Every structure is written in C-alpha cells, then in structure tokens.
Amino acid sequence: MATVDLHLHTTASDGRLSPTELVKLLGERGLRIASITDHDSTEGLSEAYVAKEQFPDLRLIPGIELSTEAGDSEIHVLGYFLDWKDREFQRVLSGFREGRVGRGRAMVNRLEELGLPLEWERVLHFAGDGAVGRPHIALAMVEKGYVPGVKDAFDLYLGRDGPAYVDRQKLSPVDAVGIIRGVGGAAVLAHPSYVKNLDAHLVRMKDAGLAGMEVYYSHYPPKTVRKLREIAKRFDLLPCGGSDYHALGQDDERLPGHIGPPEEVVEALRARCARGAASPTED
Ligand code: AMP
Ligand code: ZN
Ligand code: FE
Ligand code: FE
C-alpha cells in the first residue's frame, strides 16, 4: 500500500466517481498525498478541494493528464502543481475538450458503418459533465450488448489499431510539456511502457523540461518497475506514478494507493516546477 497516488480520474473526465466520492475514498484508504489528473480538464478540482476539508491528513496537488500524438504512439503527459486557474490555460483545455466531442462523434460514425449504431445521447449520458472519452463510447457499446465489457470494446473496436479508432488533435508531447510548464507546473510522462521508441521521446521531452516519468503504475509488476526506474535514472527523471484509478468496475482494476512513488519524490517534483520551488500552486 502506497501513501502517494499521483494518477487518478473523476467524472470530470472518464472516471466514474465524482471528485467528492474519490476524495472520500482517498481519505478512507489513508492516502497522504494525491493528485487528481483528469484528461484535458481541471473541472473536478474545486469540488475536490472542498471535499478534502474533511480529511486534514490528505494533501491534494492540482494535476492534469494531457493526451498527445507522437506519430507511432499515443503519449499521455501528466502535469502537477499547475496554476490551473490561469484563463489562457483554461481556454486551451476547453479547446481540447471540444476536440474530444468531434472525435467521439467520428468514432460513433465509424461504429455505425461497422453495423453497430449508437445514440450519441447515450455517450453524452455516460460522459455527464466530463470530458468525452473512449470509455464513454465503450460504456454505450456495453449497454447495447455489442460487447460484454469496456475492455472488449477497446480490444475489438476502440483501441489504437481498432476499426473504429479516430486520431485526436495533433498536440505533440513536447507541446504538452510546454503547456504544463507555461502555467508553472512540472511535467511527467505517463505509463511509459505503452510508448514506442521511448528513448527518442525521452530525449526530446527532457530537452523541453520534462521533470519525471511514471515508474510505479497500476499493474506494473516489480520487474517493470525496476526497469523503468533505471531508465528514469539514466535520463535524470523523477520516478513518479499512481493507480490511474477510474472506478470503471473492472475486476482487475487497481484501487487508489495500490501503487505509488515514495513521498520524497513529491518534494523533488515541486523543486522541478517551471517557476522553481518558490511558489508552486497547491490549491
Ligand atoms: P481517450 O481519452 O478518449 O483517448 O481514451 C483513453 C482512455 O481510455 C484511457 O485514459 C483509459 O482510461 C481508457 N483505455 C485505454 N485503453 C483501454 C483498454 N484497453 N481498456 C480499458 N480502458 C482503456
Ligand atoms: Zn482515462
Ligand atoms: Fe493515460
Ligand atoms: Fe490516466
């Protein structure tokens, strides 16, 4: 059981717990430091900070997960300690979320062509107020009985090589690092085991100011953690991580605090914020 979890989702994107419900779970599970990292959204943070008042031993760090395209793979970049209330930053995030709607509709059109029609309203129903994502399409597919579970929807249709997959906006990983640093934050490469040509991407992202990469992640076994810790060391990146909890209800889903970095990594991350350790944003 880890006391730090720096990768968590809520209903502000494709998680199934509201920020209040998630914070309650974090408190009950004895987490000491956590970051909510919704996809292209910080809309859950205000509510989370209110909920956190019931849990004085829990420290919440503002976070985000940005989706980027790297030609050969999809790369997710996490950001921490950001000045998330910055208006220009919020405008950029709104643009990304609008892009998600267009992409979601395009994927629903593909599914229709494949003989699996969905009502767009059902996708929006599952998304609620949150940033639309493939998991919401997957849930609508499960509801229709097209697939038994969310994972099957990804394996058969929505995964990167699947017949209903549609590319996202062309934000590069280096751009994402720049956006995060532009609001005073520290950028961290998410789930690196999914990244093809990892070394080449790390060289470019490190040049752009990448602070860390996930080493402790969801299902990663000790062997993978060891390997990634060595790569992080070689690139002088802080070994970060967390559960990537979505509350999707899959049997093998890892709960918050299942895995995470040691507490001292958080202070080191703070020190690597774009504006230095002087005044990173904590709420
Ligand atoms: P999107 O943001 O629309 O590109 O969807 C990406 C999200 O889908 C990821 O952050 C995960 O939450 C989820 N996801 C990706 N691959 C899978 C998979 N194979 N099974 C279940 N969920 C997945
Ligand atoms: Zn997600
Ligand atoms: Fe991700
Ligand atoms: Fe995630």
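Not measured: the values here are computed from a predicted model. Values reported hereafter were calculated over all heavy atoms of this structure, with side chains retained and with hydrogens, waters and symmetry mates removed. We count residues from 1, following the sequence as given. Just follow the structure's listing: the first ligand is 1, and inside any ligand the first atom is 1.
Summary of contacts: the protein heavy atom closest to atom 4 (O) of ligand 1 is Arg168 NH2, 2.5 Å. Protein heavy atom at the shortest distance from atom 21 (C) of ligand 1 is Phe154 CD1, 3.6 Å.
Counting only heavy atoms from C-beta outward, the side chains of Glu65 and His7 approach each other to under 4.5 Å. The closest side-chain heavy-atom distance from Thr20 to Val50 is not below 4.5 Å. Looking at heavy atoms from C-beta onward, Ser13 lies out of side-chain contact with Asp40 at the 4.5 angstrom threshold. Side-chain contact between Ile33 and Thr3 is absent, with no heavy atoms from C-beta onward closer than 4.5 Å. Side chains of Arg103 and Tyr165 form a contact here, defined as non-hydrogen atoms less than 4.5 Å apart. Two residues are said to be in side-chain contact when any heavy atoms from C-beta on lie closer than 4.5 Å; Ile137 and Leu158 meet this criterion. With contacts defined as side-chain heavy-atom distances shorter than 4.5 Å, the pair Ile179/Leu171 qualifies.
The residue among Glu253, Arg134, His39 with a heavy atom at the shortest distance from atom 9 (C) of ligand 1 is His39. The heavy atom nearest to atom 2 (O) of ligand 1, out of those in His191, Arg100, His76, is found in Arg100.
Every heavy atom of Gly159 sits 4.0 Å or more from the atoms of ligand 1. Residue contacts with ligand 1 leave out His136, since none of its heavy atoms falls under 4.0 Å from the ligand. Residue His9 places every heavy atom at 4.0 Å or more from ligand 1. Every heavy atom of Glu65 sits 4.0 Å or more from the atoms of ligand 1.
Closer than 2.8 Å to the Fe ion (ligand 4) sit the protein N, O or S atoms His7 NE2, His9 NE2, Glu65 OE1, Asp244 OD1.
A side-chain N or O of Ser243 and one of Asp5 form a donor-acceptor pair less than 3.5 Å apart.
The OG atom of Ser218 sits 9.5 Å away from atom NE2 of His246, with the distance rounded to the nearest 0.5 Å. Put simply, CZ on Arg105 and CZ on Arg100 are 16.0 Å apart, with the number rounded to the nearest 0.5 Å.
Which parts of ligand 1 touch Arg103 is read off a 4.0 Å heavy-atom cut-off, strictly below it: atoms 1 (P), 3 (O), 4 (O). Interface atoms of ligand 1 facing His246, defined by a heavy-atom separation under 4.0 Å, are 12 (O). Listed by number with element, the atoms of ligand 1 under 4.0 Å from a non-hydrogen atom of Gly133 are 3 (O).
The shortest N or O to N or O distance between Ser67 and ligand 1 is not under 3.5 Å.
Residue Asp199 forms a salt bridge (charged side-chain N to carboxylate O under 4.0 Å, His left out) with just one option from Lys206, Arg204, Arg234, and that option is Arg234.
Using a 4.0 Å cut-off between heavy atoms, Asp14 contacts ligand 1 through its side chain alone, with no backbone atom that close.
The number of heavy atoms from other shown groups lying within 6.0 Å of CG (Asp129) does not exceed 12.
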